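One structure is given here, and the rest of the page talks about it.
Owing to the predicted nature of the structure, the values given are computational and were not obtained by experimental measurement. Letters A, B, ... mirror the listed sequences (proteins, then strands); counts begin at 1.
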Protein chains: 2
Amino acid sequence: MQNRKDELIESLIAYLLENGLADLSLRPLAAGTGTSARLLIYHFGSKEDLLTEVLEAMQAHVRRSFAQLLEKPSTARSSKPPLKLLWNWAIADENYLYLKLLYELQILAIQNPDTYAQYLGRNTDNWLDLALTALSPSLRTPAMATLCAAVFDGLFIELMSSGDRKRTTQALDCFIQMATETLASLSKA
Amino acid sequence: MQNRKDELIESLIAYLLENGLADLSLRPLAAGTGTSARLLIYHFGSKEDLLTEVLEAMQAHVRRSFAQLLEKPSTARSSKPPLKLLWNWAIADENYLYLKLLYELQILAIQNPDTYAQYLGRNTDNWLDLALTALSPSLRTPAMATLCAAVFDGLFIELMSSGDRKRTTQALDCFIQMATETLASLSKA
DNA sequence: CGTTTCATGTAACGTTCGTTACATGCAAAA
DNA sequence: TTTTGCATGTAACGAACGTTACATGAAACG
């Protein structure tokens, strides 16, 4: 029954959000989600297919949450710069662990593409680029888009290791201020 | 004999540079370095101790290479901004794979600290901060230091996933230009 | 020369891995 | 009521894991 499987997927995502992807094995995973390795294989066919379904569901969750951000009335978000909006969305409690897991997946895929790259959804490598261009169509040069994405990535990773939301958010504000000033002086000239 | 061990460490580092840390196991590691699992345990005592020694040697290599950069006569480097200097050092062939491995270790330590955090040298979490302040003592606010480190981290990770040295380097130049202009306008006021 | 010490090979240990065989309960269908 | 099919438990498979026991060659030392 698809119903049972969907329940399982929810539990499995919750487990992954807490325990990460590296060194994952079926029996602890099953024990941590109140089922058995036998049942996981029964429902998903193999560990590989399980990860395919669960990680796709996880990424769909992220896409859905991001779509909600885009659908908010623009009056609620036009006051803040797009990068700031994206940052606030990313560090919100309901998104933070998901993004943390997504980042772990992407980084594992860099060193072990044979094992992990298959789990990356079609557009996850550049979802950040897509997000930025969706929020800020004025960002036209690839270098600037790459820079903004890198600032976001770098600060999010720093947040993950240090847990210091205050300092990382200040650093982002710092960047936004620099970018705003640069843009202003460019339009003056 | 320490001699034999040092030879082994060199081979083991080479293996890790190519194959990464995740899903590492003794027998493939031994086969890939021309020895046997038996010998690795004999020389290092355990897999954990082996990783401790090998990863410490790897990080020592990075520190040594970075020290060389600092020791260059300042005439050879004063013309370029510190962040650019650091970037060129990091993407140089003799350093790139080492930093890639170091980044993988740091990110594994985020999600699985029990397994991987022990391999992080005393100061590796903030070696980048140290590097930046060593190269650019004018960077005084923690927010700006965090931002510069994040730009470096983010662009390096983007380089690792895309392999696009040109675009990532352009993005860094973009950031440096913004920072230079901001600094100039601040000193004017 | 004999002894000791280091380095290595072979084989196995016990555990965990992903996976499967087989039996069974249980609910819906006939 | 009987049958069918999904969901689950128990137990095990073969492979790989980190590690160890034991034997042995080679080399240094007395």
Side-chain angles (χ1 to χ4, degrees), chain A residues 1-16 18-58 104-105 108-109 111-119, chain B residues 1-16 18-58 104-105 108-109 111-119:
Chain A
M1 189 67 69
Q2 191 66 23
N3 219 354
R4 183 81 194 93
K5 225 169 125 174
D6 289 343
E7 286 176 30
L8 274 178
I9 288 180
E10 288 309 303
S11 312
L12 296 172
I13 289 180
Y15 182 92
L16 288 185
E18 279 210 347
N19 298 90
L21 266 178
D23 307 328
L24 179 74
S25 55
L26 277 188
R27 269 171 267 237
L29 174 63
T33 54
T35 178
S36 68
R38 169 72 184 76
L39 262 287
L40 292 180
I41 294 294
Y42 172 73
H43 281 293
F44 295 96
S46 70
K47 183 190 181 186
E48 192 176 331
D49 290 353
L50 181 148
L51 279 178
T52 300
E53 292 204 43
V54 172
L55 291 177
E56 167 52 30
M58 178 271 286
E104 189 192 8
L105 172 57
L108 283 173
Q111 287 266 29
N112 292 57
D114 295 345
T115 311
Y116 296 103
Q118 55 180 317
Y119 304 126
Chain B
M1 193 63 69
Q2 191 65 23
N3 219 353
R4 183 82 194 90
K5 225 168 129 176
D6 289 344
E7 286 176 32
L8 274 177
I9 288 180
E10 288 309 303
S11 312
L12 296 171
I13 289 180
Y15 182 92
L16 288 185
E18 278 209 349
N19 298 90
L21 266 179
D23 307 328
L24 178 75
S25 54
L26 278 187
R27 268 171 269 239
L29 173 64
T33 54
T35 177
S36 68
R38 168 73 184 79
L39 262 286
L40 293 181
I41 295 293
Y42 172 74
H43 281 293
F44 296 95
S46 70
K47 182 190 181 186
E48 194 176 326
D49 290 353
L50 180 148
L51 279 178
T52 300
E53 293 205 43
V54 172
L55 291 176
E56 166 53 30
M58 179 271 287
E104 188 193 7
L105 173 57
L108 282 172
Q111 286 266 28
N112 291 56
D114 295 344
T115 312
Y116 296 102
Q118 55 181 314
Y119 304 127

Whole-Å gap separating C1' (C/dT20) and CZ (A/F44): 18 Å
Rounded to whole Å, the CZ-C1' distance (A/R4 to D/dG5) equals 17 Å
Quick one, A/H43 and A/I9 - any side-chain contact, counting heavy atoms below 4.5 Å? no
Do A/L8 and A/F44 have side chains that approach each other closer than 4.5 Å (heavy atoms only, starting at C-beta)? yes
Base-contact (B) and sugar-phosphate-only (S) positions in nucleotides 9-19 of chain C, heavy-atom cut-off under 4.0 Å, - elsewhere: BB-B----BBB
Is the distance from OP1 or OP2 of C/dC6 to the nearest side-chain N or O of B/H43 less than 4.0 Å? no
B/E7 CD to C/dC6 P, straight-line distance once rounded to whole Å: 18 Å
Exercise answer: donor-acceptor pairs, residues 28-37 of chain B side-chain atoms, under 3.5 Å, sequence neighbours excluded:
from, atom 1, to, atom 2, distance (Å)
B/T33, OG1, B/L29, O, 2.8
B/T33, OG1, B/A30, O, 3.3
B/S36, OG, B/L39, N, 3.2

Under a 3.5 Å distance rule, please check whether A/Q111 uses its side chain to pair with a backbone N or O of B/A22 as donor and acceptor. no
Rounded to the nearest Å, what distance is computed from the CG atom of residue B/D49 to the C1' atom of nucleotide D/dT19? 13 Å
Can I get a per-line list of side-chain donor-acceptor pairs under 3.5 Å for residues 48-58 of chain B, giving both atom names and the distance, sequence neighbours left out?
from, atom 1, to, atom 2, distance (Å)
B/T52, OG1, B/E48, O, 3.0
B/E53, OE2, B/K5, NZ, 3.0
B/E56, OE2, B/R63, NH2, 2.8

Non-hydrogen atoms of B/I41 and B/L26 that approach each other most closely: CD1-CD1, 3.6 Å
Can you tell me the distance, in whole Å, between the CG atom of B/L8 and the C1' atom of C/dC6? 14 Å
Quickly work out the B/D23 CG to D/dA16 P distance and round it to whole Å. 15 Å
What is the separation between atom OH on A/Y42 and atom C1' on C/dT24, rounded to the nearest whole Å? 13 Å
To the nearest Å, give me how far apart CG (B/L40) and P (D/dC17) are. 13 Å
